[in-house]
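This report concerns only the one structure given below.
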2 protein chains.
Amino acid sequence: MITETVDVSTNDPMAAAIEVFTRRGYDATTVDDLADAVALSRSTFFRRFGSKEEVVFADHDLLLDQVETYLATSPLPPLEAVCAAGRLVFDHHVDRREVSVARFALLHDVPALRDRELITSHRYERAFTRYLRASLAATADREYVSVAFSSAAVALHNAILRRWLLAPAADLAPELRAQLRALVRAFAPTRDQRRREGVLVAVFDPEADRETILESIRQSLG
Amino acid sequence: MITETVDVSTNDPMAAAIEVFTRRGYDATTVDDLADAVALSRSTFFRRFGSKEEVVFADHDLLLDQVETYLATSPLPPLEAVCAAGRLVFDHHVDRREVSVARFALLHDVPALRDRELITSHRYERAFTRYLRASLAATADREYVSVAFSSAAVALHNAILRRWLLAPAADLAPELRAQLRALVRAFAPTRDQRRREGVLVAVFDPEADRETILESIRQSLG
DNA sequence: TCACTTGTTGAAACTCAGTGTCACTCGATA
DNA sequence: TATCGAGTGACACTGAGTTTCAACAAGTGA
(Lines give C-alpha, C1' and ligand atoms only; values in the text may rest on other atoms or scores of the structure.)
Protein backbone atom coordinates (compact mmCIF):
# COMPACT_ATOMS: atom_id res chain seq x y z
CA MET A 1 0.00 0.00 0.00
CA ILE A 2 1.28 3.44 -0.89
CA THR A 3 0.87 6.26 1.57
CA GLU A 4 -0.14 9.29 -0.34
CA THR A 5 -1.37 12.57 0.97
CA VAL A 6 -3.80 14.06 -1.47
CA ASP A 7 -4.99 17.52 -0.66
CA VAL A 8 -7.60 16.68 1.94
CA SER A 9 -7.93 20.30 2.97
CA THR A 10 -10.73 20.74 0.44
CA ASN A 11 -12.64 18.20 2.48
CA ASP A 12 -14.13 16.72 -0.66
CA PRO A 13 -13.56 12.96 -0.61
CA MET A 14 -15.28 12.60 -3.96
CA ALA A 15 -12.88 14.91 -5.71
CA ALA A 16 -9.96 13.21 -4.00
CA ALA A 17 -11.21 9.80 -5.10
CA ILE A 18 -11.64 10.93 -8.69
CA GLU A 19 -8.17 12.37 -8.63
CA VAL A 20 -6.64 9.13 -7.31
CA PHE A 21 -8.57 6.96 -9.76
CA THR A 22 -7.42 9.15 -12.61
CA ARG A 23 -3.81 9.15 -11.59
CA ARG A 24 -3.40 5.52 -10.59
CA GLY A 25 -6.11 3.88 -12.66
CA TYR A 26 -9.45 2.67 -11.40
CA ASP A 27 -8.67 -1.04 -11.23
CA ALA A 28 -5.21 -0.48 -9.86
CA THR A 29 -6.58 1.55 -6.97
CA THR A 30 -7.66 -0.59 -4.04
CA VAL A 31 -10.15 0.57 -1.46
CA ASP A 32 -7.27 0.70 1.00
CA ASP A 33 -5.46 3.19 -1.23
CA LEU A 34 -8.68 5.13 -1.52
CA ALA A 35 -9.31 5.17 2.21
CA ASP A 36 -5.77 6.41 2.70
CA ALA A 37 -6.25 9.13 0.13
CA VAL A 38 -9.38 10.47 1.79
CA ALA A 39 -7.92 9.99 5.30
CA LEU A 40 -10.56 7.54 6.45
CA SER A 41 -10.40 3.99 7.64
CA ARG A 42 -11.53 1.28 5.28
CA SER A 43 -14.58 0.59 7.45
CA THR A 44 -15.62 4.20 7.58
CA PHE A 45 -15.11 4.56 3.87
CA PHE A 46 -17.65 1.86 3.15
CA ARG A 47 -20.06 3.20 5.72
CA ARG A 48 -19.93 6.66 4.23
CA PHE A 49 -19.86 5.92 0.53
CA GLY A 50 -21.22 2.43 0.14
CA SER A 51 -18.81 1.26 -2.51
CA LYS A 52 -15.79 2.01 -4.61
CA GLU A 53 -18.07 3.08 -7.44
CA GLU A 54 -20.40 5.27 -5.48
CA VAL A 55 -17.77 7.69 -4.15
CA VAL A 56 -17.44 8.98 -7.63
CA PHE A 57 -21.06 10.18 -7.58
CA ALA A 58 -21.28 11.11 -3.93
CA ASP A 59 -22.50 14.63 -4.74
CA HIS A 60 -25.72 13.29 -6.21
CA ASP A 61 -27.12 12.23 -2.86
CA LEU A 62 -27.33 15.80 -1.75
CA LEU A 63 -28.28 17.10 -5.17
CA LEU A 64 -31.14 14.66 -5.48
CA ASP A 65 -32.41 15.81 -2.13
CA GLN A 66 -32.33 19.40 -3.32
CA VAL A 67 -34.17 18.45 -6.48
CA GLU A 68 -36.86 16.69 -4.54
CA THR A 69 -37.45 19.51 -2.12
CA TYR A 70 -37.47 21.90 -5.05
CA LEU A 71 -40.18 19.90 -6.78
CA ALA A 72 -42.17 19.66 -3.60
CA THR A 73 -42.27 23.43 -3.27
CA SER A 74 -42.11 24.77 -6.81
CA PRO A 75 -45.02 27.00 -7.81
CA LEU A 76 -44.53 26.23 -11.51
CA PRO A 77 -46.86 23.99 -13.48
CA PRO A 78 -45.63 20.36 -13.29
CA LEU A 79 -43.81 20.00 -16.60
CA GLU A 80 -42.09 23.35 -16.16
CA ALA A 81 -41.10 22.44 -12.63
CA VAL A 82 -39.35 19.33 -13.91
CA CYS A 83 -37.53 21.46 -16.49
CA ALA A 84 -36.39 23.82 -13.78
CA ALA A 85 -35.22 20.88 -11.70
CA GLY A 86 -33.25 19.64 -14.69
CA ARG A 87 -31.61 23.03 -15.00
CA LEU A 88 -30.77 22.85 -11.31
CA VAL A 89 -28.81 19.68 -11.92
CA PHE A 90 -27.12 21.15 -14.96
CA ASP A 91 -26.06 24.22 -13.03
CA HIS A 92 -24.67 22.03 -10.30
CA HIS A 93 -22.24 20.57 -12.79
CA VAL A 94 -21.36 23.89 -14.35
CA ASP A 95 -20.69 25.34 -10.91
CA ARG A 96 -18.10 22.63 -10.32
CA ARG A 97 -16.53 22.56 -13.67
CA GLU A 98 -13.24 21.08 -12.60
CA VAL A 99 -14.57 18.00 -10.81
CA SER A 100 -17.25 17.46 -13.42
CA VAL A 101 -14.75 17.46 -16.23
CA ALA A 102 -12.38 15.20 -14.32
CA ARG A 103 -15.16 12.76 -13.60
CA PHE A 104 -16.24 12.82 -17.22
CA ALA A 105 -12.72 11.95 -18.34
CA LEU A 106 -12.58 9.16 -15.80
CA LEU A 107 -15.88 7.69 -16.98
CA HIS A 108 -14.45 7.56 -20.46
CA ASP A 109 -11.99 4.92 -19.33
CA VAL A 110 -14.08 2.96 -16.84
CA PRO A 111 -17.18 1.13 -18.06
CA ALA A 112 -18.19 0.14 -14.55
CA LEU A 113 -18.45 3.81 -13.65
CA ARG A 114 -20.50 4.56 -16.73
CA ASP A 115 -22.98 1.95 -15.59
CA ARG A 116 -23.03 3.46 -12.16
CA GLU A 117 -23.66 6.88 -13.66
CA LEU A 118 -26.66 5.46 -15.45
CA ILE A 119 -28.07 4.18 -12.20
CA THR A 120 -27.41 7.49 -10.54
CA SER A 121 -29.12 9.54 -13.21
CA HIS A 122 -32.05 7.17 -13.20
CA ARG A 123 -32.81 8.25 -9.65
CA TYR A 124 -33.67 11.67 -11.01
CA GLU A 125 -35.91 10.13 -13.59
CA ARG A 126 -37.80 8.25 -10.90
CA ALA A 127 -38.10 11.38 -8.78
CA PHE A 128 -39.50 13.29 -11.77
CA THR A 129 -41.95 10.54 -12.59
CA ARG A 130 -43.18 10.28 -9.04
CA TYR A 131 -43.65 14.03 -8.89
CA LEU A 132 -45.49 14.26 -12.20
CA ARG A 133 -47.72 11.33 -11.40
CA ALA A 134 -48.81 13.17 -8.28
CA SER A 135 -49.00 16.64 -9.80
CA LEU A 136 -50.41 16.36 -13.29
CA ALA A 137 -54.12 16.66 -13.86
CA ALA A 138 -55.76 13.24 -13.66
CA THR A 139 -56.18 12.57 -17.36
CA ALA A 140 -56.25 9.06 -18.78
CA ASP A 141 -52.65 9.16 -19.95
CA ARG A 142 -51.17 10.94 -16.96
CA GLU A 143 -49.10 7.91 -16.06
CA TYR A 144 -47.54 7.61 -19.50
CA VAL A 145 -46.97 11.31 -19.88
CA SER A 146 -45.16 11.28 -16.54
CA VAL A 147 -42.95 8.38 -17.49
CA ALA A 148 -42.14 9.52 -21.01
CA PHE A 149 -41.60 13.15 -20.14
CA SER A 150 -39.32 12.40 -17.20
CA SER A 151 -37.24 10.05 -19.20
CA ALA A 152 -36.92 12.41 -22.15
CA ALA A 153 -36.07 15.34 -19.90
CA VAL A 154 -33.28 13.40 -18.22
CA ALA A 155 -32.01 12.19 -21.58
CA LEU A 156 -31.93 15.71 -22.97
CA HIS A 157 -30.19 16.96 -19.88
CA ASN A 158 -27.57 14.25 -20.15
CA ALA A 159 -26.98 14.84 -23.83
CA ILE A 160 -26.48 18.56 -23.37
CA LEU A 161 -24.42 18.08 -20.25
CA ARG A 162 -22.14 15.75 -22.18
CA ARG A 163 -21.78 18.30 -24.94
CA TRP A 164 -20.84 20.88 -22.36
CA LEU A 165 -18.32 18.56 -20.74
CA LEU A 166 -16.57 18.22 -24.07
CA ALA A 167 -16.29 22.00 -24.40
CA PRO A 168 -16.87 23.60 -20.99
CA ALA A 169 -16.12 27.04 -22.35
CA ALA A 170 -19.50 27.26 -24.06
CA ASP A 171 -22.59 28.28 -22.14
CA LEU A 172 -25.15 25.64 -22.94
CA ALA A 173 -27.69 26.64 -20.32
CA PRO A 174 -29.81 28.44 -22.93
CA GLU A 175 -29.61 25.39 -25.16
CA LEU A 176 -30.90 23.20 -22.35
CA ARG A 177 -33.63 25.68 -21.60
CA ALA A 178 -34.71 25.77 -25.22
CA GLN A 179 -34.71 22.00 -25.68
CA LEU A 180 -36.67 21.41 -22.51
CA ARG A 181 -39.14 24.05 -23.55
CA ALA A 182 -39.54 22.27 -26.86
CA LEU A 183 -40.15 19.07 -24.97
CA VAL A 184 -42.89 20.68 -22.90
CA ARG A 185 -44.47 21.97 -26.10
CA ALA A 186 -44.37 18.48 -27.59
CA PHE A 187 -46.05 16.93 -24.59
CA ALA A 188 -48.61 19.59 -23.87
CA PRO A 189 -49.30 21.03 -27.29
CA THR A 190 -52.60 22.53 -26.26
CA ARG A 191 -53.05 22.89 -22.56
CA ASP A 192 -50.23 25.27 -21.89
CA GLN A 193 -50.94 27.60 -24.77
CA ARG A 194 -54.70 27.62 -24.56
CA ARG A 195 -54.79 30.34 -21.99
CA ARG A 196 -53.27 32.97 -24.21
CA GLU A 197 -54.27 31.85 -27.64
CA GLY A 198 -56.55 29.45 -29.39
CA VAL A 199 -55.28 26.63 -31.57
CA LEU A 200 -57.00 25.23 -34.59
CA VAL A 201 -55.89 22.08 -36.34
CA ALA A 202 -57.48 21.13 -39.59
CA VAL A 203 -56.82 17.84 -41.33
CA PHE A 204 -57.73 17.87 -44.98
CA ASP A 205 -57.27 16.22 -48.33
CA PRO A 206 -54.45 18.07 -50.07
CA GLU A 207 -56.27 17.58 -53.35
CA ALA A 208 -59.29 19.56 -52.15
CA ASP A 209 -59.63 23.16 -53.22
CA ARG A 210 -59.21 26.11 -50.93
CA GLU A 211 -62.85 27.08 -50.51
CA THR A 212 -63.95 23.54 -49.59
CA ILE A 213 -61.36 23.47 -46.88
CA LEU A 214 -62.36 26.87 -45.60
CA GLU A 215 -66.02 25.91 -45.56
CA SER A 216 -65.41 22.91 -43.33
CA ILE A 217 -63.30 25.03 -41.02
CA ARG A 218 -66.10 27.58 -40.89
CA GLN A 219 -68.49 24.86 -39.81
CA SER A 220 -66.11 23.53 -37.19
CA LEU A 221 -65.73 26.98 -35.69
CA GLY A 222 -69.55 26.97 -35.55
CA MET B 1 -22.19 -26.79 -1.70
CA ILE B 2 -25.46 -28.46 -2.53
CA THR B 3 -25.70 -30.66 -5.58
CA GLU B 4 -28.98 -29.95 -7.24
CA THR B 5 -30.23 -31.04 -10.61
CA VAL B 6 -32.50 -28.40 -12.00
CA ASP B 7 -34.21 -29.29 -15.22
CA VAL B 8 -31.37 -28.67 -17.62
CA SER B 9 -33.21 -30.39 -20.45
CA THR B 10 -34.71 -27.07 -21.50
CA ASN B 11 -31.14 -25.96 -22.15
CA ASP B 12 -31.95 -22.50 -20.87
CA PRO B 13 -29.34 -21.56 -18.30
CA MET B 14 -31.00 -18.19 -17.73
CA ALA B 15 -34.30 -19.76 -16.70
CA ALA B 16 -32.46 -22.23 -14.51
CA ALA B 17 -30.53 -19.43 -12.83
CA ILE B 18 -33.67 -17.40 -12.18
CA GLU B 19 -35.29 -20.48 -10.73
CA VAL B 20 -32.38 -21.16 -8.38
CA PHE B 21 -32.12 -17.53 -7.30
CA THR B 22 -35.80 -17.47 -6.54
CA ARG B 23 -35.80 -20.68 -4.57
CA ARG B 24 -32.60 -20.20 -2.60
CA GLY B 25 -32.32 -16.43 -2.53
CA TYR B 26 -29.97 -14.33 -4.62
CA ASP B 27 -27.35 -13.62 -1.97
CA ALA B 28 -27.47 -17.13 -0.58
CA THR B 29 -26.72 -18.60 -3.99
CA THR B 30 -23.01 -18.75 -4.78
CA VAL B 31 -21.65 -18.91 -8.28
CA ASP B 32 -20.62 -22.48 -7.50
CA ASP B 33 -24.23 -23.39 -6.78
CA LEU B 34 -25.21 -21.62 -9.96
CA ALA B 35 -22.62 -23.40 -12.07
CA ASP B 36 -23.83 -26.69 -10.65
CA ALA B 37 -27.43 -25.84 -11.47
CA VAL B 38 -26.67 -25.07 -15.09
CA ALA B 39 -24.24 -27.99 -15.39
CA LEU B 40 -21.23 -25.86 -16.19
CA SER B 41 -17.93 -25.37 -14.49
CA ARG B 42 -17.37 -22.18 -12.60
CA SER B 43 -14.83 -21.01 -15.17
CA THR B 44 -17.12 -21.69 -18.08
CA PHE B 45 -19.97 -19.99 -16.33
CA PHE B 46 -18.05 -16.73 -16.10
CA ARG B 47 -16.83 -17.04 -19.64
CA ARG B 48 -20.32 -17.52 -20.96
CA PHE B 49 -22.32 -15.11 -18.84
CA GLY B 50 -19.84 -12.62 -17.50
CA SER B 51 -21.24 -12.33 -14.02
CA LYS B 52 -23.77 -13.54 -11.51
CA GLU B 53 -26.01 -10.63 -12.41
CA GLU B 54 -25.83 -10.93 -16.14
CA VAL B 55 -27.14 -14.50 -16.41
CA VAL B 56 -30.48 -13.15 -15.41
CA PHE B 57 -30.64 -11.03 -18.55
CA ALA B 58 -28.81 -13.36 -20.89
CA ASP B 59 -31.66 -13.30 -23.41
CA HIS B 60 -31.09 -9.62 -24.13
CA ASP B 61 -27.82 -10.20 -25.94
CA LEU B 62 -29.61 -12.03 -28.68
CA LEU B 63 -32.65 -9.80 -28.56
CA LEU B 64 -30.60 -6.65 -28.90
CA ASP B 65 -28.93 -8.15 -31.94
CA GLN B 66 -32.32 -8.84 -33.47
CA VAL B 67 -33.44 -5.31 -32.73
CA GLU B 68 -30.36 -3.86 -34.36
CA THR B 69 -30.65 -5.92 -37.51
CA TYR B 70 -34.34 -5.06 -37.63
CA LEU B 71 -33.57 -1.37 -37.48
CA ALA B 72 -30.89 -1.71 -40.12
CA THR B 73 -33.37 -3.25 -42.56
CA SER B 74 -36.74 -1.77 -41.66
CA PRO B 75 -38.49 0.08 -44.49
CA LEU B 76 -40.51 2.20 -42.04
CA PRO B 77 -39.77 5.86 -41.40
CA PRO B 78 -37.29 6.21 -38.53
CA LEU B 79 -39.59 6.97 -35.61
CA GLU B 80 -42.01 4.24 -36.61
CA ALA B 81 -39.16 1.79 -36.98
CA VAL B 82 -38.13 2.45 -33.41
CA CYS B 83 -41.72 1.89 -32.29
CA ALA B 84 -41.79 -1.40 -34.14
CA ALA B 85 -38.49 -2.38 -32.53
CA GLY B 86 -39.99 -1.58 -29.14
CA ARG B 87 -42.93 -3.83 -29.90
CA LEU B 88 -40.47 -6.53 -30.88
CA VAL B 89 -38.96 -6.40 -27.42
CA PHE B 90 -42.37 -6.36 -25.79
CA ASP B 91 -43.47 -9.40 -27.76
CA HIS B 92 -40.32 -11.20 -26.76
CA HIS B 93 -41.40 -10.95 -23.15
CA VAL B 94 -44.98 -11.87 -23.81
CA ASP B 95 -43.84 -14.92 -25.75
CA ARG B 96 -41.96 -16.12 -22.69
CA ARG B 97 -44.46 -15.25 -20.09
CA GLU B 98 -43.28 -17.71 -17.49
CA VAL B 99 -39.62 -16.66 -17.38
CA SER B 100 -40.50 -13.01 -17.69
CA VAL B 101 -42.85 -13.13 -14.74
CA ALA B 102 -40.38 -15.13 -12.67
CA ARG B 103 -37.63 -12.65 -13.43
CA PHE B 104 -39.91 -9.76 -12.57
CA ALA B 105 -40.68 -11.31 -9.19
CA LEU B 106 -36.99 -11.89 -8.58
CA LEU B 107 -36.15 -8.27 -9.40
CA HIS B 108 -38.65 -7.19 -6.81
CA ASP B 109 -36.45 -8.66 -4.10
CA VAL B 110 -32.99 -7.91 -5.47
CA PRO B 111 -31.92 -4.27 -5.90
CA ALA B 112 -28.67 -5.26 -7.57
CA LEU B 113 -30.64 -6.96 -10.32
CA ARG B 114 -32.88 -3.95 -10.77
CA ASP B 115 -29.77 -1.88 -11.40
CA ARG B 116 -28.55 -4.42 -13.87
CA GLU B 117 -31.90 -4.34 -15.63
CA LEU B 118 -31.53 -0.61 -16.00
CA ILE B 119 -28.16 -1.04 -17.63
CA THR B 120 -29.55 -3.71 -19.90
CA SER B 121 -32.51 -1.67 -21.06
CA HIS B 122 -30.26 1.30 -21.65
CA ARG B 123 -28.50 -0.65 -24.36
CA TYR B 124 -31.71 -0.49 -26.36
CA GLU B 125 -31.93 3.21 -25.80
CA ARG B 126 -28.43 3.66 -27.15
CA ALA B 127 -29.21 1.48 -30.15
CA PHE B 128 -32.31 3.54 -30.89
CA THR B 129 -30.45 6.79 -30.55
CA ARG B 130 -27.66 5.68 -32.80
CA TYR B 131 -30.16 4.54 -35.40
CA LEU B 132 -32.20 7.73 -35.30
CA ARG B 133 -29.15 9.94 -35.41
CA ALA B 134 -28.18 8.21 -38.64
CA SER B 135 -31.65 7.95 -40.14
CA LEU B 136 -33.54 11.13 -39.36
CA ALA B 137 -33.43 14.01 -41.77
CA ALA B 138 -30.57 16.34 -40.94
CA THR B 139 -32.51 19.06 -39.19
CA ALA B 140 -30.93 21.23 -36.53
CA ASP B 141 -32.45 19.32 -33.64
CA ARG B 142 -31.99 15.84 -35.04
CA GLU B 143 -29.59 14.93 -32.24
CA TYR B 144 -31.96 15.96 -29.50
CA VAL B 145 -34.98 14.42 -31.13
CA SER B 146 -33.05 11.16 -31.38
CA VAL B 147 -32.02 11.20 -27.75
CA ALA B 148 -35.36 12.28 -26.31
CA PHE B 149 -37.47 10.04 -28.49
CA SER B 150 -35.36 6.94 -27.83
CA SER B 151 -35.41 7.49 -24.14
CA ALA B 152 -39.14 8.15 -24.01
CA ALA B 153 -39.88 5.12 -26.16
CA VAL B 154 -37.88 2.84 -23.91
CA ALA B 155 -39.49 4.36 -20.82
CA LEU B 156 -42.98 3.83 -22.24
CA HIS B 157 -42.12 0.29 -23.18
CA ASN B 158 -40.83 -0.42 -19.70
CA ALA B 159 -43.85 1.12 -18.00
CA ILE B 160 -46.29 -0.89 -20.08
CA LEU B 161 -44.23 -4.05 -19.79
CA ARG B 162 -44.26 -3.67 -16.03
CA ARG B 163 -48.02 -3.25 -16.06
CA TRP B 164 -48.31 -6.40 -18.10
CA LEU B 165 -46.02 -8.32 -15.77
CA LEU B 166 -48.34 -7.47 -12.90
CA ALA B 167 -51.31 -8.89 -14.80
CA PRO B 168 -50.07 -11.06 -17.66
CA ALA B 169 -53.59 -12.08 -18.59
CA ALA B 170 -54.28 -8.73 -20.23
CA ASP B 171 -53.17 -8.01 -23.78
CA LEU B 172 -51.32 -4.72 -23.55
CA ALA B 173 -49.82 -4.82 -27.01
CA PRO B 174 -52.48 -2.41 -28.36
CA GLU B 175 -51.81 -0.11 -25.43
CA LEU B 176 -48.13 -0.05 -26.25
CA ARG B 177 -48.89 0.56 -29.88
CA ALA B 178 -51.19 3.44 -29.04
CA GLN B 179 -48.81 5.10 -26.63
CA LEU B 180 -45.88 4.83 -29.00
CA ARG B 181 -48.02 6.25 -31.76
CA ALA B 182 -48.92 9.15 -29.51
CA LEU B 183 -45.23 9.67 -28.86
CA VAL B 184 -44.49 9.79 -32.57
CA ARG B 185 -47.25 12.33 -32.98
CA ALA B 186 -45.78 14.44 -30.21
CA PHE B 187 -42.33 14.42 -31.76
CA ALA B 188 -43.20 14.76 -35.41
CA PRO B 189 -46.49 16.62 -35.46
CA THR B 190 -46.24 17.37 -39.15
CA ARG B 191 -43.66 15.44 -41.09
CA ASP B 192 -45.03 11.95 -40.75
CA GLN B 193 -48.60 12.79 -41.65
CA ARG B 194 -47.88 15.10 -44.52
CA ARG B 195 -47.76 12.39 -47.12
CA ARG B 196 -51.36 11.31 -46.80
CA GLU B 197 -53.03 14.43 -45.53
CA GLY B 198 -52.32 18.08 -45.07
CA VAL B 199 -52.26 19.66 -41.66
CA LEU B 200 -53.16 23.21 -40.92
CA VAL B 201 -52.51 24.85 -37.60
CA ALA B 202 -53.88 28.29 -36.98
CA VAL B 203 -53.02 30.28 -33.92
CA PHE B 204 -55.52 33.04 -33.26
CA ASP B 205 -56.87 35.45 -30.72
CA PRO B 206 -59.91 33.78 -29.17
CA GLU B 207 -61.58 37.18 -28.98
CA ALA B 208 -61.44 37.62 -32.75
CA ASP B 209 -64.54 36.93 -34.80
CA ARG B 210 -64.93 33.96 -37.09
CA GLU B 211 -64.58 35.74 -40.42
CA THR B 212 -61.39 37.50 -39.43
CA ILE B 213 -59.87 34.17 -38.54
CA LEU B 214 -61.04 32.58 -41.77
CA GLU B 215 -59.67 35.44 -43.81
CA SER B 216 -56.18 35.00 -42.39
CA ILE B 217 -56.36 31.28 -43.01
CA ARG B 218 -57.44 31.95 -46.57
CA GLN B 219 -54.39 34.13 -47.06
CA SER B 220 -52.08 31.54 -45.55
CA LEU B 221 -53.43 28.87 -47.88
CA GLY B 222 -53.08 31.42 -50.70
C1' DT C 1 -1.01 -42.10 -39.20
C1' DC C 2 1.20 -38.30 -37.25
C1' DA C 3 2.31 -33.61 -35.91
C1' DC C 4 0.24 -29.03 -35.42
C1' DT C 5 -3.04 -25.70 -34.79
C1' DT C 6 -7.10 -23.63 -32.67
C1' DG C 7 -10.85 -23.30 -29.66
C1' DT C 8 -13.27 -24.87 -25.56
C1' DT C 9 -13.25 -26.63 -21.06
C1' DG C 10 -12.05 -27.48 -16.08
C1' DA C 11 -9.01 -26.97 -11.96
C1' DA C 12 -6.82 -24.19 -8.88
C1' DA C 13 -4.71 -20.32 -6.95
C1' DC C 14 -5.12 -15.49 -6.18
C1' DT C 15 -6.88 -10.63 -5.52
C1' DC C 16 -9.81 -7.72 -3.51
C1' DA C 17 -14.59 -5.62 -2.72
C1' DG C 18 -17.87 -5.75 0.56
C1' DT C 19 -19.87 -7.51 5.19
C1' DG C 20 -20.10 -8.38 10.01
C1' DT C 21 -18.35 -8.15 14.62
C1' DC C 22 -16.31 -6.14 18.46
C1' DA C 23 -13.93 -2.88 21.09
C1' DC C 24 -12.79 2.02 21.60
C1' DT C 25 -13.57 6.95 21.83
C1' DC C 26 -15.95 11.11 22.42
C1' DG C 27 -19.65 14.11 23.55
C1' DA C 28 -23.97 14.70 25.74
C1' DT C 29 -27.04 13.87 29.56
C1' DA C 30 -28.52 12.36 33.99
C1' DT D 1 -19.17 9.97 37.92
C1' DA D 2 -21.94 6.70 35.34
C1' DT D 3 -24.25 5.90 31.19
C1' DC D 4 -25.91 6.07 26.72
C1' DG D 5 -25.51 6.52 21.68
C1' DA D 6 -23.27 7.52 17.59
C1' DG D 7 -19.31 7.31 14.97
C1' DT D 8 -14.91 5.10 14.19
C1' DG D 9 -11.12 1.62 13.46
C1' DA D 10 -9.19 -3.14 13.49
C1' DC D 11 -9.81 -7.54 11.97
C1' DA D 12 -11.56 -11.70 10.22
C1' DC D 13 -14.36 -13.75 6.78
C1' DT D 14 -17.07 -14.67 2.43
C1' DG D 15 -17.33 -14.94 -2.20
C1' DA D 16 -17.17 -12.69 -7.00
C1' DG D 17 -14.30 -12.27 -10.66
C1' DT D 18 -9.52 -12.96 -12.87
C1' DT D 19 -5.68 -15.39 -14.35
C1' DT D 20 -2.97 -19.23 -15.45
C1' DC D 21 -2.20 -23.71 -16.90
C1' DA D 22 -3.19 -28.21 -18.38
C1' DA D 23 -6.42 -31.41 -20.80
C1' DC D 24 -9.01 -32.34 -24.61
C1' DA D 25 -11.38 -32.14 -28.59
C1' DA D 26 -11.84 -31.30 -33.79
C1' DG D 27 -10.09 -30.01 -37.86
C1' DT D 28 -5.89 -29.59 -41.40
C1' DG D 29 -2.14 -30.63 -43.97
C1' DA D 30 1.66 -33.89 -44.99
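Everything numeric in this text was worked out from a predicted model, so none of it was measured. In what follows, every heavy atom counts, from backbone to side chain, and hydrogens, waters and symmetry copies are set aside. Chain letters run A, B, ... following the sequence lines, proteins first and then strands; every chain starts at 1.
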- Relative to A:Phe45, does A:Lys52 satisfy both conditions: NZ or CZ under 6.0 angstrom from the six-membered ring centre, and within 45 degrees of the ring's axis? no
Nearest to side-chain heavy atoms of [X], which nucleotide of [options]:
X       : options                : answer
B:Phe46 : D:dG15, C:dA17, D:dT18 : D:dT18
A:Arg42 : D:dA10, C:dA17, D:dA16 : C:dA17
B:Ser41 : C:dG10, C:dT21, C:dA17 : C:dG10
A:Ser43 : D:dA10, D:dG15, C:dG10 : D:dA10

Give the rounded distance in Å between these two atoms: [atom1] of [X] and [atom2] of [N].
X       : N      : atom1 : atom2 : result
A:Asp27 : C:dC14 : CG    : P     : 21 Å
A:Arg48 : D:dG9  : CZ    : P     : 8 Å
A:Glu53 : C:dC16 : CD    : P     : 16 Å
A:Glu54 : C:dA17 : CD    : C1'   : 12 Å
B:Tyr26 : D:dT14 : OH    : P     : 19 Å
B:Phe45 : D:dA16 : CZ    : P     : 9 Å
A:Asp32 : D:dG9  : CG    : C1'   : 13 Å
B:Lys52 : D:dA16 : NZ    : P     : 5 Å

- Charged N to carboxylate O under 4.0 angstrom, A:Glu68 versus A:Arg130? yes
- Item | hbond_proxy A:Arg47 side chain to D:dG9 base (donor-acceptor, 3.5 Å cutoff) | yes
- Message: Which heavy atom of B:Ala81 sits nearest to which heavy atom of B:Leu76, and what is that distance?
- Response: N-CB, 3.9 Å
- Query: Does a side chain donor of either A:His157 or A:Tyr124 reach within less than 3.5 Å of an acceptor in the other side chain?
  - Reply: no
